[in-house]
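Hydrogens, waters and symmetry mates are skipped; everything else that's a heavy atom, side chains included, is used.
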Amino acid sequence: MNISINRRRFIQSTSAIALGAMSCGAGRALAQPSNELRVSVYGGDVGKANVEAYVKPFEAETGIKVTAIPDDVTLPQIELMVTSNNTTVDVVGASSALAHTANLKSLLEQIDYSIFKKDELDAILDFAKKPFGVAGLVYGIPMVYSTEKFPPTGPQPTSWADFWDVEKFPGVRTLETGQGGEEGPWEEALLADGVAADKIYPMDIDRVFASLDKIKPHIRKWWTSGSEGQQLFHDKAVDIGNCYDGRAILLIDQGAPLKINRNQSKLTNDYWVIPKGSPNVQNAQKFIEFATRADRQAAFAKLVPYGPINRNAFKLLPEEVGLKLPSHPKLLANSIVMDTQWYTEVGSGGKTNIERLQERWNEWVI
């Protein structure tokens with residue numbers, strides 16, 4: 001089952017599906033009836049879960065016809081739609097970096113929080129509510145390790161300093177590549193070097209790579225996709241590393257001898273956003289409000305193991321299910337929310353921190 005989401009969709013090339021959507025003339029886009037909505041829901045099992053948890057019940061409640069687009073929409077596509085006055089996708093599921101960057105470029109509508117019920121809005125995690133978007137899900141990138149290599153009867157790693165300690169915790173290692181800049185072993189490297197969780201940002205890039213120098217010889221593979229990281233653990237090719245938590249949960253549920261260490265887990269999220277010029281902006285606002293309700297968030301979490309952004313959703317989930325999800329209140333306290341705003345900030349050299357990390361990584365990893 002494919003439960004990963006492409007985390008670097010904001011730098012992907014334009015896809016055929018979205019190009020097809022944008023090929024309509026501006027006049028045709030503006031003529032769309034007000035009882036319709038076009039929503040980018042992703043592909044794979046996440047896309048199917050979005051349809052079952054959000055699209056179908058939204059249609060049933062409102063009578064609004066939703067066209068679900070099973071594909072990612074990229075930053076260049078959003079920019080082209082907005083600047084050409086031809087916005088043909090009303091709601092976009094966007095990575096955190098895409099959403100922040102699109103907002104900096106003034107490509108997004110502001111979310112109308114006045115239509116949210118107070119008890120629902122108050123229950124949404126603070127970091128999930130932005131003027132330009134509301135998170136649809138939370139995912140983690142925690143440490144995962146083999147319980148055959150590190151059984152409960154012996155010492156088990158509990159921090160990234162332990163991961164860097166190859167003498168006390170010997171084993172084959174993997175970490176996510178930093179080639180995309182947006183995600184990489186940056187926070188892990190700083191934590192391993194003794195930086196406190198609340199002092200990670202703004203990130204000291206020189207210190208990041210000085211720490212990575214120490215672990216580099218012990219990394220068998222820098223995984224480049226969620227499926228690759230999952231496969232490494234599935235095949236027992238590695239003993240310890242980081243991994244998307246949804247992938248790891250799936251393996252564990254299938255009986256793999258693995259354990260997730262949630263201490264110092266990185267958390268981030270994807271947003272629901274509305275490109276400027278949407279001809280169905282009011283329906284788009286209604287859809288986002290609907291998708292963030294506790295009952296809908298719980299329904300989604302039952303289909304794919306990503307964390308709800310509405311705390312009240314956990315009241316509707318069995319405790320054993322809720323504790324598998326990264327946004328559970330008991331897990332949040334020891335997790336680190338990635339500061340995507342820092343990643344997308346532009347420095348004096350005219351480059352974003354994403355670009356700086358990407359360039360430094362490509363020089364370093366050779």
Side-chain angles (χ1 to χ4, degrees), residues 1 3-4 138-176 185 187-197 200 211-212 214-223 226-268 301-302 304-308 314 317-338:
M1 180 170 70
I3 59 174
S4 71
V138 177
Y139 68 94
I141 310 176
M143 180 191 300
V144 178
Y145 60 86
S146 165
T147 54
E148 292 179 339
K149 181 67 176 180
F150 305 107
T153 54
Q156 293 181 310
T158 61
S159 67
W160 287 109
D162 288 346
F163 181 94
W164 255 246
D165 190 342
V166 296
E167 293 185 2
K168 184 176 180 180
F169 298 98
V172 181
R173 284 160 161 74
T174 186
L175 284 172
E176 182 179 11
E187 290 84 358
E188 293 90 336
L190 290 176
L191 290 164
D193 200 42
V195 176
I200 290 176
S211 181
L212 286 174
K214 300 173 184 176
I215 200 64
K216 183 179 181 180
H218 307 284
I219 301 297
R220 171 170 291 180
K221 177 70 177 178
W222 304 97
W223 56 266
S227 58
E228 184 178 31
Q230 181 185 28
Q231 196 66 42
L232 288 169
F233 281 105
H234 176 273
D235 296 343
K236 299 184 179 181
V238 295
D239 301 310
I240 185 172
N242 62 1
C243 184
Y244 291 136
D245 56 357
R247 295 279 187 172
I249 290 168
L250 178 60
L251 290 175
I252 292 170
D253 286 347
Q254 292 174 343
L258 297 171
K259 183 174 181 179
I260 297 175
N261 170 33
R262 290 287 186 183
N263 183 44
Q264 298 183 333
S265 172
K266 293 192 301 189
L267 298 185
T268 189
K302 290 176 182 177
V304 285
Y306 287 101
F314 287 101
L317 294 170
E319 186 72 356
E320 64 271 17
V321 174
L323 283 171
K324 291 182 178 181
L325 305 175
S327 55
H328 191 284
K330 292 182 179 179
L331 302 178
L332 280 175
N334 295 319
S335 299
I336 297 153
V337 178
M338 293 176 63

> Rounded to the nearest 0.5 Å, what separation is found between the CZ atom of Arg247 and the CD1 atom of Ile141?
Replying inline: 12.5 Å
> Is it true that the side chains of Trp223 and Asn242 contain a donor and an acceptor less than 3.5 Å apart?
Replying inline: yes
> Any donor and acceptor pair, going by atom type alone, linking the side chain of Ser327 with main-chain N or O of Pro308 inside 3.5 Å?
Replying inline: yes
>> Which residues pass the side chain to side chain donor-acceptor pair (under 3.5 Å) test with Asn263, not counting sequence neighbours?
In response: none
> Is the side chain of Ser146 donor-acceptor paired with the backbone N or O of Asp239 at a distance under 3.5 Å, no angle test?
Replying inline: no
> What are the two closest heavy atoms between Ile260 and Pro142, and how far apart are they?
Replying inline: CG2-CG, 3.6 Å
> Where is the tightest heavy-atom contact between Trp160 and Leu191, given as atom of each residue plus distance?
Replying inline: CD1-CD1, 3.9 Å
> What are the two closest heavy atoms between Val144 and Ala248, and how far apart are they?
Replying inline: CG2-CB, 3.8 Å
>> Suppose the criterion is salt bridge (Lys or Arg N to Asp or Glu O under 4.0 Å): which pairs have a residue in residues 248-267, not counting sequence neighbours?
In response: Glu187-Lys266, Glu188-Lys266, Asp245-Arg262, Asp253-Lys324
>> Rounded to the nearest 0.5 Å, what separates atom CG in Asn334 from atom OG in Ser159?
In response: 12.0 Å
> Taking all atoms of both residues into account, what is the closest heavy-atom pair of Pro185 and Leu212, and its distance?
Replying inline: CG-CD2, 3.8 Å
> Is there a side-chain contact between Lys221 and Arg173 (heavy atoms, below 4.5 Å)?
Replying inline: no
Could you go through residues 148-158 and list every donor-acceptor pair under 3.5 Å that involves a side-chain atom there, pairing it with any protein atom two or more places apart or in another chain?
residue, atom, partner, partner atom, Å
Glu148, OE1, Lys236, NZ, 3.2
Glu148, OE2, Lys236, NZ, 3.3
Gln156, NE2, Phe150, O, 2.8
Thr158, OG1, Asp162, OD2, 3.2

> Could you give the distance from CG (Leu267) to CG (Leu331), rounded to the nearest 0.5 Å?
Replying inline: 8.5 Å
>> Could you check, using the six-membered ring where one of them is a Trp, whether Phe169 and Phe163 have ring centers closer than 6.0 angstrom?
In response: no
>> Please report the interatomic distance NE2(His218) to CG(Asp165), rounded to the nearest 0.5 Å.
In response: 10.0 Å
> For the residue pair Thr174 and Leu232, what are the closest heavy atoms and their distance?
Replying inline: OG1-CD1, 3.6 Å
>> Rounded at 0.5 Å granularity, tell me how far OH in Tyr139 sits from CG in Leu325.
In response: 15.5 Å
>> Restricting to side chain to side chain donor-acceptor pair (under 3.5 Å), what partner residues turn up for Trp222, sequence neighbours left out?
In response: none
> Can you name the nearest heavy-atom pair linking Pro326 to Gly140, along with the distance?
Replying inline: CG-N, 3.9 Å
>> I'd like to check Glu319 versus Lys330 (side-chain heavy atoms, cut-off strictly below 4.5 Å). Are they in contact?
In response: yes
> Can you list the steps and then say if Tyr145 with Asn261 is a side-chain contact (heavy atoms from CB on, under 4.5 Å)?
Replying inline: CA-CA 8 Å; Tyr145 60 86; Asn261 170 33; 4.2 Å; yes
> What residues, two or more places apart in sequence or in another chain, satisfy side chain to side chain donor-acceptor pair (under 3.5 Å) together with Gln264?
Replying inline: none
>> Could you check whether any side-chain heavy atom of Phe233 comes within less than 4.5 Å of a side-chain heavy atom of Leu258, counting everything from C-beta outward?
In response: yes
> Run the side-chain contact (heavy atoms from CB on, under 4.5 Å) check on Val337 and Leu332 step by step: do they pass?
Replying inline: CA-CA 9 Å; Val337 178; Leu332 280 175; 5.5 Å; no
> Can you name the side chain to side chain donor-acceptor pair (under 3.5 Å) partners of Lys302, sequence neighbours left out?
Replying inline: none
> Which distance, rounded to the nearest 0.5 Å, do you find between the CD of Glu228 and the SG of Cys243?
Replying inline: 11.0 Å
